[in-house]
Amino acid sequence: MNFFRDRDANSDVFDDPKNDPTAASPSTSPRKKQKFDIGPPGNSTLDTADDDAALASLRKRMAGPSSAKAGLAKDQDEINKIIYEVSKGSKFFENERKKDAQTTERINALLARRDQKLLQVPPGSNEWLSIERKIEDLATRLENSRDLSRTILHTDIDMFYAAVELARDPSLKGKCFGVGSGVLVTASYEARKYGARSGMATFVAKALCPHLIVVKNDMQSYVEASQKVMAVFEQYDENLAKASLDEAYLDITEYIEQHGGTIDQIVQQLRDQVRSETQLTVSVGIAPNTMLAKISSDRNKPDGQFRVQPDRKAIVDFMRDLPCRKIPGIGRVNERILESLGVSTCGEIWNKRVELWLALDGKIEWLIKAHLGIGNTVVEPSKREERKSVGREHTFNPTADTQALLDLLKESAQRVEQDLERLDFKGKTITLVAKKDNYQRFSRARTSTRLVHRAEELYDITSSLLLQEIEREGALSLRLIGVRVTHLVDLRGAAAGEERLRKLFQTRQSNGEAQGEEAAQVRPRKTAHEWQQEEERQLALAIKQSLEGNGDPFQEVHDLSQDDATTQVREASPTIALALSKSDEAGPSAPLPSSNAAAQCPICIKPIQGSNDQLNAHIDACLNQSQLDPPSRASPQPPPSHRADSASAPKKKRGPLDSFVRRSNK
DNA sequence: ATACATACC
DNA sequence: CACTGGTATGTAT
């Protein structure tokens with residue numbers, strides 16, 4: 001949603017008479033050099049007012065992306081100040097400052113361009129009226145498409161991870177605690193009162209809340225809890241759209257038709273059911289579209305529900321005073337930009353519609369929709385074939401050692417290969433992503449003529465991109481590196497069905513289960529429910545992976561590849577096995593295992609019933625568990641030891657890569 | 001096609 | 001001291 005991105009001030013259509021049939025005067029002569037010939041310079045000689053504004057903005061930025069969302073702390077200004085104080089001086093902080101200044105510059109240029117256009121299109125002029133008419137037409141068109149017939153829910157489990165932890169350890173009740181390590185994934189309401197937020201560095205949270213207890217996350221129990229809750233939701237809409245482990249959209253229109261009852265009653269019943277079955281509370285938004293439902297679920301949080309009546313006037317009233325920031329898609333940057341244009345609430349969008357049109361080059365349909373409260377009315381599970389990219393990245397202690405970087409890159413490549421293998425995709429465009437030690441991100445990409453998926457190829461391409469970059473720039477001190485693959489091709493699509501079937505067939509045999517059932521799962525034409533099961537598993541995996549960042553995920557690969565578990569993993573799950581085989585042998589294609597192991601989890605050694613998917617899900621959960629709670633794993637034969645600084649903390653059992661993992665639990 | 005920024009959880 | 005990871009998407013060039 002980057003409508004606001006400033007473009008070269010000189011490339012604006014209204015500057016160019018031939019692009020603007022309505023331009024009153026051709027006076028603007030071709031491109032002059034001056035960048036700020038219009039409007040205030042904005043980046044020279046700051047007066048104290050500017051300083052204050054910059055400081056306020058920066059403090060707000062440092063408070064983090066979620067600070068404006070919810071939580072109502074006592075004194076947000078005070079909190080922002082503390083965050084600012086404990087953060088300032090760090091490289092992270094300096095980078096934030098830089099980005100904030102960039103935003104300010106963009107805003108200044110944007111305002112300047114708007115002002116210039118206002119000279120050409122003064123209020124009340126024919127051009128102005130013509131724009132007003134266009135917006136009116138747009139609004140009419142949108143209004144005609146408004147659909148109030150669906151009853152859509154957005155469900156949001158209250159402080160999900162924290163709630164699960166609370167259920168596991170009731171002594172946390174009433175205390176300030178957060179879940180995560182290095183960065184909080186969630187915070188208890190008690191901790192939120194002090195300003196602790198998800199996404200916040202734990203050391204910052206501790207500065208705000210000295211008694212904060214930090215609990216490390218345990219994805220397995222979150223996945224389990226999520227499945228239980230989603231199972232309840234599915235009774236109300238089997239076609240629900242899971243947005244994450246703790247959020248979902250449901251269309252309960254049919255349910256209401258079939259079961260009767262008022263909407264509020266049914267939602268109350270749903271929430272009661274979740275509470276009694278899982279001890280978790282959910283907040284629910286009820287509305288005729290997903291956007292309104294999402295905004296509404298925040299309204300009576302925690303443990304509440306809020307309904308926007310399916311009535312045009314009720315909706316417009318609801319939107320009128322709503323801060324723009326609440327609109328999904330408007331983050332802290334766009335919030336600032338809109339604010340600079342005099343728009344803080346959705347109601348004000350309409351007041352400033354012409355100015356917005358001028359400033360945003362006519363691309364304001366999305367804002368008008370927000371103003372009118374019009375949104376998506378179709379709820380359906382996401383489809384795997386809609387996936388656009390697969391990637392891995394990893395943060396470590398900054399290093400400029402080329403070999404070290406290459407090794408880390410290889411790890412990422414291997415993990416991407418695993419993911420591609422598991423997901424059954426190959427891709428064409430390979431991107432190296434990296435973050436310098438000053439937090440500046442960059443990426444370099446190359447697209448191949450062939451479909452790539454193997455770690456070796458991924459590594460070959462990205463490493464050459466990295467080397468190229470080092471050659472160009474000299475030493476490159478990085479704190480993050482990763483690999484991403486785009487332009488994916490779905491191997492499960494008809495063409496590749498054959499190979500897929502063979503693989504699953506083998507797995508099923510090794511599970512000692514009937515084959516007919518499996519075939520049903522492989523058929524391209526799945527029932528909605530089957531699609532959902534698949535999606536559920538993939539979603540769980542995705543979420544799990546997105547949160548495993550602090551444990552040293554890389555270590556696991558090495559360890560597993562060298563102890564007994566590996567062998568069993570291979571026997572139990574060809575998918576995982578194939579992926580692992582390349583990480584320790586670098587061989588392009590280890591043969592599929594031929595032996596038939598018992599259907600037993602290689603990690604917890606428990607027997608497993610169920611489909612291949614369930615088996616995989618279990619193994620993944622176990623892998624994750626063992627990762628968060630490191631078993632007494634022998635760590636033989638460490639990978640290349642280039643870490644000069646690995647001696648730093650001998651306290652814990654540390655793997656050779658540990659020195660690259662800065663955020664261990666504290 | 002590539003690079004980068006923004007957003008979401 | 002200390003600030004994530006995975007994916008989607010929009011814009012610019």
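Below, all heavy atoms of this structure are taken into account, side chains as well, without hydrogens, waters or symmetry copies. The chains referred to below are lettered A, B, ... by the order of the sequence lines, with proteins before strands, and numbering in each begins at 1.
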d([atom1], [X]; [atom2], [N]) in whole Å:
X: A:Glu85; N: C:dC1; atom1: CD; atom2: C1'; result: 17 Å
X: A:Lys363; N: C:dT11; atom1: NZ; atom2: C1'; result: 8 Å
X: A:Tyr249; N: B:dC9; atom1: OH; atom2: C1'; result: 11 Å
X: A:Asn95; N: B:dC4; atom1: CG; atom2: P; result: 13 Å
X: A:Gln102; N: B:dA5; atom1: CD; atom2: P; result: 7 Å
X: A:Lys301; N: B:dC9; atom1: NZ; atom2: P; result: 9 Å
X: A:Met200; N: C:dT4; atom1: CE; atom2: P; result: 13 Å

Nearest-angstrom distance, C1' atom, B:dA7 to C:dA2: 25 Å
Under 4.0 angstrom between [X] side-chain N/O and [N] OP1 or OP2:
X: A:Arg392; N: C:dG6; answer: yes
X: A:Arg384; N: C:dT7; answer: no
X: A:Arg332; N: B:dT6; answer: no
X: A:His394; N: C:dT4; answer: no
X: A:Thr395; N: C:dG5; answer: yes
X: A:Arg441; N: B:dC4; answer: no
X: A:Arg479; N: C:dT4; answer: yes
X: A:Asn334; N: B:dA7; answer: yes

What's the closest nucleotide to the [X] side chain, out of [options]?
X: A:Lys388; options: C:dC3, C:dG5, C:dT9; value: C:dT9
X: A:Phe442; options: B:dC4, C:dA2, C:dT7; value: B:dC4
X: A:Leu480; options: C:dG5, B:dT6, C:dA8; value: C:dG5
X: A:Glu393; options: B:dA7, C:dG5, C:dA8; value: C:dG5
X: A:Val333; options: C:dA8, B:dT2, B:dT6; value: B:dT6
X: A:Val204; options: B:dA3, C:dC3, C:dG5; value: C:dC3
X: A:Ser244; options: B:dC9, B:dA3, C:dT4; value: B:dC9

For A:Ala241 against A:Val379, the heavy-atom pair lying closest together: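 A:Ala241 and A:Val379 have their closest heavy atoms at N-CG1, 3.8 Å.
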May I ask you to say what [X] touches in the nucleic acid, namely base, sugar-phosphate or nothing, with a heavy-atom cut-off under 4.0 Å?
X: A:Arg444; result: sugar-phosphate
X: A:Val86; result: nothing
X: A:Glu96; result: nothing
X: A:Phe93; result: nothing
X: A:Ser87; result: base
X: A:Lys428; result: nothing

Mutual orientation of the aromatic rings belonging to A:His154 and A:Tyr249 [parallel < 30°, tilted 30-60°, perpendicular > 60°]: tilted
Positive for side chain to side chain donor-acceptor pair (under 3.5 Å) with A:Ser57, one of A:Thr104, A:Thr103, A:Asp100: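 Of A:Thr104, A:Thr103, A:Asp100, side chain to side chain donor-acceptor pair (under 3.5 Å) with A:Ser57 is met by A:Asp100 alone.
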Non-hydrogen side-chain atoms of A:Leu338 and A:Leu367 separated by less than 4.5 Å: yes
Those residues that, when tested against A:Ser463, pass side-chain contact (heavy atoms from CB on, under 4.5 Å) (two or more places apart):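 Checked A:Ser463 against side-chain contact (heavy atoms from CB on, under 4.5 Å); matches are A:Leu406, A:Leu409, A:Tyr459.
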Pair A:Asp407 + A:Lys410: basic N to acidic O under 4.0 Å: no
Qualifying salt bridge (charged side-chain N to carboxylate O under 4.0 Å, His left out) pairs with a residue from residues 80-92 of chain A, counting only residues at least two apart or across chains: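 Sorted pair list: A:Glu85-A:Lys88, A:Lys91-A:Asp437.
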Which residue lies more 5' along DNA chain B, comparing A:Lys294 with A:Gln440 via nearest heavy atoms: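 The residue mapped nearer the 5' terminus is A:Gln440.
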Residue whose closest nucleotide on DNA chain C lies nearer the 5' end, A:Val390 versus A:Lys435: A:Lys435
